Amino acid sequence: NRDKKRDKEKIKEKEKAKEKERDRDKEKERNWDKEKERERDKERNRDKDKEKDQEKERHKDQERVRDKDRDRDRDKDREKNKEKEKEKDREEVDQNKEKVDVTKEGEKDREKIKDKEGDKDRGEKEKDKEKEKDEKKEKKEREREKERDDKKKKEKRSRTPPRSYSSSRRSRSSSR
């Protein structure tokens, strides 16, 4: 009987050991599955990151192309504006030349007329200069006379004696 009990206990222990072994195997398998899943997730994430990076690169490339086009258009516009400015400058220069030519012709005509009139005017100019000289002399003379008169008035004032204090008080009191 004892042998039978021992045998049963041994069998039970073996079964427990087998059960533990199975549990360990299942745990290993679960861990292995989890590890596999993690690896797959990492791979997926790497793929997503690659796609994002590629998308960013595409976007940057598009931006570069847009910027180049914009710069090219801007350069073309600048060139056009420069050409327009040059054309305006040329027109202005042409107009100025025409004006200068017209004014030169006008000046020549005026000079011819002045030369003709100048002979007549020279005599008149000399007369005008003489008149101006005479007027200046008269003015100086008037100023001298005025100065003389002023001196005389000052001398007269200085000759009259100053009023006395009492008389000035009397006159003030009487005026009140």
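Predicted, not measured: the structure shown is a model, and the values here were computed from it.
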Between [X] and [Y], does at least one N-O distance fall below 4.0 Å, as a salt bridge requires?
| X | Y | answer |
| --- | --- | --- |
| R24 | E27 | no |
| K18 | E15 | no |
| D33 | K36 | no |
| R142 | E138 | yes |
| E105 | K108 | no |
| R70 | D67 | yes |
| K133 | E130 | no |
| D69 | R66 | no |
| D25 | R22 | no |
| K86 | D89 | no |

Across all chains, not counting sequence neighbours, the salt bridge (charged side-chain N to carboxylate O under 4.0 Å, His left out) partners of E141 are R144
Output the distance between atom [atom1] ([X]) and atom [atom2] ([Y]), rounded to the nearest 0.5 Å.
| X | Y | atom1 | atom2 | answer |
| --- | --- | --- | --- | --- |
| E35 | N31 | CD | CG | 8.5 Å |
| E19 | K26 | CD | NZ | 7.0 Å |
| D77 | K82 | CG | NZ | 12.5 Å |

Are side-chain heavy atoms of E87 and R90 found at a separation under 4.5 Å? yes
When you compare the side chain of K52 with that of E55, does any pair of heavy atoms fall below 4.5 Å? no
Just jot down the side chain to side chain donor-acceptor pair (under 3.5 Å) partners of D3, sequence neighbours excluded, or say none. R6
